[in-house]
Enquirer: 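Attaching a single structure in structure tokens format; questions to follow.
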Protein chains: 2
Amino acid sequence: MTLDKRIRDAIEARIRSGEWRPGYRIPFEHELVAEFGCARATVSKALSALVAAGLIERRRKAGSFVAHPQVHAALLDIPDLARLEGYRWERTACATAAPEEMVEVQSGPLLRVEGIHHADGAPLALERRLIDVSTVPEAATADFETEAPGSWLLGHVPWSDARHRIRAIAADRAQATALGMPIGVACLQLERWTWRAGALVTYVRQVFPGDRYDLTAEFGSRR
Amino acid sequence: MTLDKRIRDAIEARIRSGEWRPGYRIPFEHELVAEFGCARATVSKALSALVAAGLIERRRKAGSFVAHPQVHAALLDIPDLARLEGYRWERTACATAAPEEMVEVQSGPLLRVEGIHHADGAPLALERRLIDVSTVPEAATADFETEAPGSWLLGHVPWSDARHRIRAIAADRAQATALGMPIGVACLQLERWTWRAGALVTYVRQVFPGDRYDLTAEFGSRR
DNA sequence: TGCCATATTATGTCTAGACATAAAAGTAGA
DNA sequence: TCTACTTTTATGTCTAGACATAATATGGCA
């Protein structure tokens, strides 16, 4: 393990654990130099890597700060429904659930929340969400009437890893009814598993009508 | 413009132009030090950035080499159909075409190629491709009977930028027939525009049956 | 109080050099 | 010829220090 990686990992661990929350000013370079007993260039290299990873921001004279998390992945344009204006969350169910659609993923007891996102009066997305209560205990008593679980989690779980799966599906009876469309309409289904420090935080499945939504991704890279 | 960025840009330009092809050994660090009149650390920083960008690979003692392009985007798992074994290309049409589905993208005269990718005997994807003949003149005389245009282009256009669009569609009559499925089946449609130095290289639209294929994406990053 | 010039300071970039490391190339012995 | 050891060499990591830059903080002036 190289020294700059050790410094990077030490800082990253404190950010991902939530100890250093978004906006927190991490120690100055000269303080890290003292803490790790190395040259400033080595600390700077570690901090540069954290900037590239999107974990911190550096400002001259002011210092380095834990970056504010963003739901938008840099390369894959997945909307954060809860943040978009004009969207309305409509809660339909909230209960303890067995994770029948989440096979192969380890989790504790789960809370299930379902709802519909609206845009301009019409339903845009159907959301089914499972929250691992052992990872996020506050979720058990949260009020998802006033705030959608997506944005609620954003404020309660600072950092995480995620895996996405995108597929085309035909809307079943329940989905078609909820979205106000005929059964069998082609929909884009986005699934996202979110972990924090190895523990499942939440699983969410969003269904978008194919004619109202598409994903875009840009790559300034290799073909 | 900082010195390390100038070095990086100079190397990147020679790679993207095709002057230095994949596998080419770029000058040793000490040669770049002499060329740019700077310290080795500065050259090394520029090369590290090129590694992070996926443009070069560095091997101790051997030197640094232009990386072999990969169709797989790092974060979004889009398969390179032409490279997967067991896939068979079946050409159905090849003609000059008006780009009716490519509005808003500027291009020269286009060559149209259509075909079906097979896996284990069953059709897996339907492909419609438009190639800009003014950007890739050799395409006009290429033989797409023996080689799919995707892999052919890979060998003739070294580096490029790309934009993707992903949506769910219902298969129309022609698509359903080609894929051997009922009309209206939910399919994942992947579109990709590819540019080289600002000029369109190719547009491709691939249609995958929803029940036979899905995309996955992992992000070790922010939510 | 409000504004502007100045000083301070943390980051940004770069240098010249040291030592480590891994892999290729060369060498000697079986 | 084949194998094992040694040498060479390009990259990998790090140091101690220099100067640049930009944004904050400070102090004086109106």
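Everything quoted here is computed from the prediction, not taken from an experiment. Here is the naming used below: chain letters follow the sequence lines, and residue numbers restart at 1 for every chain.
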Enquirer: Going 5' to 3' along DNA chain D, which are the first and last nucleotides with any atom under 4.0 Å from a heavy atom of chain B?
Expert: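 Answer, 5' to 3': dT8(D) to dT13(D).
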Enquirer: At what distance, to the nearest 0.5 angstrom, does CD of Gln189(B) lie from CZ of Arg128(B)?
Expert: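 One gets 10.0 Å once the value is rounded to the nearest 0.5 Å.
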Enquirer: So what does Ser48(B) touch, heavy atoms closer than 4.0 Å: a base, only the sugar-phosphate, or nothing?
Expert: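 No contact at all - Ser48(B) keeps every heavy atom at 4.0 Å or more from the nucleic acid.
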Enquirer: Does this structure show an ion pair linking Arg196(A) with Asp161(A), if we count only N-O contacts that are shorter than 4.0 Å?
Expert: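 Looking at Asp161(A) together with Arg196(A), the answer is no, because their closest N to O distance does not fall below 4.0 Å.
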Enquirer: Please work out if Ala41(B) contacts a base, only the sugar-phosphate, or nothing of the nucleic acid, heavy-atom cut-off 4.0 Å.
Expert: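 Base, at least one base atom sits under 4.0 Å.
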Enquirer: Below 3.5 Å between N/O atoms, which protein atoms pair up with nucleotides 3-6 of chain C? Just atom names and distances, please.
Expert:
none

Enquirer: Would you call Arg8(B) and Asp4(B) a salt bridge, using N to O less than 4.0 angstrom?
Expert: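 Asp4(B) and Arg8(B): not salt-bridged.
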Enquirer: In terms of the nearest nucleotide of DNA chain D, which residue is placed more toward the 5' end: Thr2(A) or Arg60(A)?
Expert: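 On the 5' side of the pair lies Thr2(A).
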Enquirer: Can you check whether Ser44(B)'s main-chain N or O pairs, donor with acceptor, with Ser48(B)'s side chain at less than 3.5 Å?
Expert: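 Confirmed, Ser48(B) side chain pairs with Ser44(B) backbone.
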Enquirer: Give the rounded distance in Å between these two atoms: CZ of Arg25(B) and C1' of dA24(C).
Expert: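 Taking CZ of Arg25(B) and C1' of dA24(C), I get 13 Å after rounding.
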Enquirer: Is Arg59(B) close enough and on-axis enough to Phe65(B), meaning under 6.0 Å and within 45°, for cation-pi?
Expert: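 Checked: cation-pi criterion met.
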Enquirer: Would you indicate what Arg59(B) reaches in the nucleic acid, counting non-hydrogen atoms under 4.0 angstrom: base, sugar-phosphate, or nothing?
Expert: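 Sugar-phosphate, no base atom in range.
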Enquirer: Does the pair Glu29(A)/Arg58(A) count as a salt bridge with the N-to-O cut at 4.0 Å?
Expert: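 So Glu29(A) pairs with Arg58(A) through a salt bridge.
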Enquirer: Assess Arg192(B) against Tyr203(B): is NZ or CZ under 6.0 Å from the centre of the six-membered ring, and within 45 degrees of the ring's axis?
Expert: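 Output no; distance or angle outside limits.
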Enquirer: Taking atom P of dA24(C) as reference, at what distance in whole Å does atom NZ of Lys61(B) sit?
Expert: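 That distance rounds to 9 Å.
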Enquirer: Could you tabulate the donor-acceptor pairs under 3.5 Å formed by side-chain atoms of residues 130-137 of chain B, not counting sequence neighbours?
Expert:
| from | atom 1 | to | atom 2 | distance (Å) |
| --- | --- | --- | --- | --- |
| Asp132(B) | OD1 | Ser134(B) | N | 2.9 |
| Asp132(B) | OD1 | Ser134(B) | OG | 2.5 |
| Asp132(B) | OD1 | Thr135(B) | N | 3.3 |
| Asp132(B) | OD2 | Gly108(B) | N | 2.7 |
| Thr135(B) | OG1 | Leu200(B) | O | 2.6 |

Enquirer: Pick base, sugar-phosphate or nothing for Leu47(A), based on heavy-atom distances below 4.0 Å to the nucleic acid.
Expert: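 Here Leu47(A) touches no strand at all.
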